[in-house]
S.K.: 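Before I ask anything, let me first share the structure, which is written out below as structure tokens.
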Amino acid sequence: MQNFEYCTPTRIIFGKGVVEKLPETMKLFGKRVLMTYGGGSIKRIGLYDKVKELLPDYEIYELSGIEPNPKYNPSVLDGVRICKEKKIDVILAVGGGSVLDCSKAIAGGALYDGETWDLITGKAETTGALPIVDIITMAATGSEYDSGGVISRKETNDKIPYQSMHLFPKVSFIDPTYTFSVPKHQMVSGVADAMNHIWEDYFNLDPNGLADGMMESALRSLIRNGLKAVENPEDYEARAEIFLDATLACNGILAIGEQFSGWPMHGMEHALSAYYDITHGIGLAILTPRWMTHILSEKTEGRIAQYGVNVLGIDSSLPVREQAEKTIEETYKFFESLGIPMHLRDVGIDESRLQEMAHHVAVNEGLDRPGVYVPLTEQDIFEIYKASL
Ligand code: NZQ
Ligand code: ZN
């Protein structure tokens, strides 16, 4: 068991209709609000009007058009400018993980005199942030319950995680009924993202039984309910369980006491979505079985097999290597059964920039630093990309 500190200061308000509690929550933070949102889904589901109806006495400024893989320029820069000019008290983020991640960067930048990019890269320390309240409408990233966000910068093909204790949302409203309208490819991408957050933690060098059990349970829940939600998008119980799984999956609680693994699949996926603007969870689903195959060895086969036996029901009487191989095969088949495209070519990525991306990841993501589960060199990363074509 590793030494650890754990604290999540975010209040979660979960369930059908919880948005009605928005007025009593917002009054804790002030009247001048920056409401952030994406390309219009919140208007289509009636949430935009609902927020306006619930907050009639507030001075609400808006930042709309935040894109998936949220961009530093213009979204973060525009948001920081509005916060400073209008002396915003609180950011109300309404949408998916991209809207919330962008809002976290705005919240940090709003209280900083220099370039917000320096906070994101860690060149400057984040010493404070505006409070964030969110109404999260996608089950995927867990941004509603963690202290990070991921920001992209097109000019440099960077996609950088920005993390600080100051970035935990103050309050997250999670109403699973909002996810009924999420398009199927986004919904299954969210399931794959949440599962991947769990695998990134699960494959580490110092596991413990409590954390393993929680992670295996959440993986089983995502598989069971992912299939149910594909079958019936309005299955409330399935949507609710998926949302709770996703909320917990990126927060560290499920892997409590375990060693940091290096998060290799996220490191590799960041380049795919930075260079090609693909959907994060789809990139992860494509990489996952190829990464598992690449690292399969005497050292890792037992752990892969443990996941397979406890989550996928793989026959534990088979030789361990065979259990691990079947596990990888079944993981691939599960993603296929959700309708996820399982090749990079299917999402518009060809061979031309694989080496360049592998180099970018090797230089920027530290996937071979000491203590990671299996260190990956530039050549390893290139081979995993190639196998994913
Ligand atoms: O832009 P709008 O119109 O709102 O549409 C969005 C967007 O097109 C739509 N959508 C969201 N909620 C909806 C809905 N459509 C209908 N009904 C609803 N209720 O879905 C599309 C995707 O939204 P996005 O916010 O991009 O998805 P997601 O929540 O998966 O966020 C992805 C981003 O989060 C980062 C990813 O890298 C990516 O940039 N991540 C953030 C993490 C974190 N903060 O901890 C961890 C993750 O590993 C991840 O890296
Ligand atoms: Zn992720």
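Indexing begins at 1, ligand by ligand and atom by atom, following the structure's order. Just so you know, residue 1 is the first one in the sequence shown, and it goes up from there.
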S.K.: side-chain hydrogen bond (donor to acceptor under 3.5 Å, both in side chains) between Tyr6 and Thr8: does it pass, once the steps are laid out?
M.R.: CA-CA 7 Å; Tyr6 176 81; Thr8 298; 2.9 Å; yes
S.K.: Gly142: heavy atom below 4.0 Å from ligand 1, yes or no?
M.R.: no
S.K.: Go through ligand 1 atom by atom and flag the ones less than 4.0 Å from a non-hydrogen atom of Met138.
M.R.: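 Selected atoms, number and element: 11 (C), 12 (N), 20 (O), 27 (O), 28 (P), 29 (O), 30 (O).
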S.K.: For ligand 1, note which part of Leu100 has a heavy atom under 4.0 Å away: side chain, backbone, both or neither.
M.R.: neither
S.K.: Do the rings of Trp199 and Tyr307 sit parallel, tilted or perpendicular, given the 30° and 60° boundaries?
M.R.: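 Answer is perpendicular, since the angle exceeds 60°.
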S.K.: Using a 4.0 Å heavy-atom cut-off, say whether Asp146 meets ligand 1 through its side chain, its backbone, both or neither.
M.R.: side chain
S.K.: Among all protein heavy atoms, pick out the one at the shortest distance from atom 7 (C) of ligand 1; state its residue, atom name and that distance to 0.1 Å.
M.R.: Pro68 CG, 4.0 Å
S.K.: Find the distance between CG (Leu22) and CD (Glu53) and round it off to the nearest 0.5 Å.
M.R.: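 Answer rounded to 0.5 Å: 11.0 Å.
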S.K.: Hey, which atoms in ligand 1 end up nearer than 4.0 Å to a heavy atom of Val150?
M.R.: 40 (N), 41 (C), 50 (O)
S.K.: Between the side chains of Glu301 and Arg321, is the shortest nitrogen-to-carboxylate-oxygen separation below 4.0 Å, so that they form an ion pair?
M.R.: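 A salt bridge is present here (some side-chain N lies under 4.0 Å from a carboxylate O).
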S.K.: To 10 degrees, how wide is the angle NE2 (His266) to the Zn ion (ligand 2) to OD1 (Asp193)?
M.R.: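 Once rounded, the angle between the two atoms at the Zn ion (ligand 2) is 120°.
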S.K.: For the residue pair Lys170 and Phe29, would you count it as a cation-pi contact if the rule is NZ or CZ under 6.0 angstrom from the ring centre and within 45 degrees of the ring axis?
M.R.: no
S.K.: Answer yes when Arg224 and Glu241 have at least one side-chain N-carboxylate O distance shorter than 4.0 Å, and no when they do not.
M.R.: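 Answer for the salt bridge query: yes.
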S.K.: Could you give the distance from CD (Gln186) to OG1 (Thr137), rounded to the nearest 0.5 Å?
M.R.: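 OG1 of Thr137 is found 10.0 Å from CD of Gln186.
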S.K.: Of all the non-hydrogen atoms in the protein, which one sits nearest to atom 19 (N) of ligand 1, and at what distance?
M.R.: Tyr178 O, 2.9 Å
S.K.: In the protein, which heavy atom is nearest to atom 49 (C) of ligand 1, and how far is it?
M.R.: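 Nearest neighbour among protein heavy atoms for atom 49 (C) of ligand 1, to 0.1 Å: His280 NE2, 3.3 Å.
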S.K.: Near Ser181, which atoms of ligand 1 are under 4.0 Å from a heavy atom of that residue?
M.R.: 16 (C), 17 (N), 18 (C), 19 (N)
S.K.: Between Lys50 and Glu20, is the closest basic N to carboxylate O distance under 4.0 Å?
M.R.: yes
S.K.: Could you tell me whether the side chain of Tyr61 reaches within less than 4.5 Å of the side chain of Met35, counting heavy atoms only?
M.R.: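 Met35 vs Tyr61: side chains apart.
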S.K.: Determine which of the N, O or S atoms in His280 is closest to the Zn ion (ligand 2) and give its atom name.
M.R.: NE2
S.K.: Closer than 4.0 angstrom: is that true for some heavy atom of Ser189 and an atom of ligand 1?
M.R.: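 No, Ser189 has no heavy atoms under 4.0 Å from ligand 1.
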S.K.: Heavy-atom contacts under 4.0 Å between Ala140 and ligand 1: side chain, backbone, both, or neither?
M.R.: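 It is the side chain that gets close, since no backbone atom is under 4.0 Å.
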S.K.: What is the nearest protein non-hydrogen atom to atom 34 (O) of ligand 1, stated with its residue, atom name and distance?
M.R.: Thr141 CG2, 3.2 Å
S.K.: Tell me: protein heavy atom nearest atom 24 (P) of ligand 1, and distance?
M.R.: Ser98 OG, 3.4 Å
S.K.: Of the protein's non-hydrogen atoms, which lies at the shortest distance from atom 41 (C) of ligand 1, and what is that distance?
M.R.: Asp101 OD2, 3.0 Å
S.K.: Which is closest to atom 13 (C) of ligand 1 in terms of heavy atoms, Ser41, Ala274, Gly39?
M.R.: Ser41
S.K.: Would you say the rings of His197 and His266 are close, in the sense that their centroids are separated by under 6.0 Å?
M.R.: yes
S.K.: What atoms of ligand 1 come within less than 4.0 Å of a heavy atom belonging to Pro70?
M.R.: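 Those qualifying, in numeric order: 39 (O).
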S.K.: For Phe382 together with His359, are the ring centres under 6.0 Å from each other?
M.R.: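 Centroid distance His359-Phe382: not below 6.0 Å, so no.
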S.K.: N/O/S of His197 less than 2.8 Å from the Zn ion (ligand 2)?
M.R.: yes
S.K.: Using a 3.5 Å cut-off and no angle test, enumerate the donor-acceptor pairs between side-chain atoms of residues 76-84 and protein atoms at least two apart in sequence or in another chain.
M.R.:
unit_1, atom_1, unit_2, atom_2, d
Asp78, OD1, Arg81, NH2, 3.4
Lys84, NZ, Tyr112, O, 2.7

S.K.: Between Gly38 and ligand 1, is there a nitrogen or oxygen pair with a distance under 3.5 Å?
M.R.: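 So ligand 1 has no N or O lying under 3.5 Å from an N or O of Gly38.
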S.K.: With no hydrogens and no angle check, do the side chains of Asp146 and Asn251 hold a donor and an acceptor under 3.5 Å apart?
M.R.: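 The answer is no; no qualifying pair exists.
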S.K.: Within the structure, is a non-hydrogen atom of Gly40 found at a distance of less than 4.0 Å from ligand 1?
M.R.: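 Contact check Gly40 vs ligand 1: positive.
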S.K.: I'd like to check which ligand 1 atoms, numbered from 1 as shown, lie under 4.0 Å from a non-hydrogen atom of His266.
M.R.: 48 (O)
S.K.: Can the ring centres of Trp291 and Phe203 be said to be less than 6.0 Å apart?
M.R.: yes
S.K.: Look at atom NZ of Lys52 and say whether more than 12 heavy atoms of other residues, nucleotides or ligands are closer to it than 6.0 Å.
M.R.: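 Yes, because the 6.0 Å sphere around NZ of Lys52 holds more than 12 heavy atoms from other groups.
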S.K.: Heavy-atom contacts under 4.0 Å between Thr137 and ligand 1: side chain, backbone, both, or neither?
M.R.: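 For Thr137, the contact with ligand 1 is made by both the backbone and the side chain.
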S.K.: Quick check on Asp113: does its CG atom have over 12 non-hydrogen neighbours (other residues, nucleotides or ligands) under 6.0 Å away?
M.R.: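 It does not: Asp113 CG has 12 such atoms or fewer within range.
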S.K.: Quick one: nearest non-hydrogen protein atom to atom 37 (O) of ligand 1, plus distance?
M.R.: Lys159 NZ, 2.7 Å
S.K.: Using non-hydrogen atoms of the residue, decide whether Asp193 is closer than 4.0 angstrom to ligand 1.
M.R.: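 True for this residue.
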S.K.: Check each heavy atom of Glu67 against ligand 1 and say whether those closer than 4.0 Å belong to the side chain, the backbone, both or neither.
M.R.: neither
S.K.: Measuring from the heavy atoms of Pro183, does anything fall under 4.0 Å of ligand 1?
M.R.: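 Heavy atoms of Pro183 do come under 4.0 Å of ligand 1.
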S.K.: Please confirm whether Glu269 approaches ligand 1 to less than 4.0 Å, judged on its heavy atoms.
M.R.: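 So Glu269 does not count as touching ligand 1.
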S.K.: Does the cation-pi check pass for Arg32 over Tyr58, that is, NZ or CZ under 6.0 Å from the six-membered ring centre and within 45° of its axis?
M.R.: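 Negative - Arg32 is either too far from the ring of Tyr58 or too far off its axis.
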S.K.: Quick test: of every protein heavy atom, which one is nearest to atom 38 (C) of ligand 1, and how far off is it to 0.1 Å?
M.R.: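 Ranking protein heavy atoms by distance from atom 38 (C) of ligand 1, first comes Asn69 OD1, 3.7 Å.
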S.K.: Assess Lys104 against Phe168: is NZ or CZ under 6.0 Å from the centre of the six-membered ring, and within 45 degrees of the ring's axis?
M.R.: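 Judged by the rule, Lys104 and Phe168 form no cation-pi pair.
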S.K.: Suppose I only count heavy atoms of Val182 and a 4.0 Å limit; which atoms of ligand 1 are within that range?
M.R.: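 Those of ligand 1 that fall under 4.0 Å from Val182 are 13 (C), 16 (C), 17 (N), 18 (C), 19 (N).
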S.K.: May I ask you to check if ligand 1 and Thr179 share an N or O to N or O distance below 3.5 Å?
M.R.: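 Checking ligand 1 against Thr179, no N or O pair falls under 3.5 Å apart.
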S.K.: Which of the atoms of ligand 1 are close to Gly97, meaning less than 4.0 Å from one of its heavy atoms?
M.R.: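 Every atom of ligand 1 under 4.0 Å from some heavy atom of Gly97: 25 (O), 28 (P), 29 (O), 31 (O).
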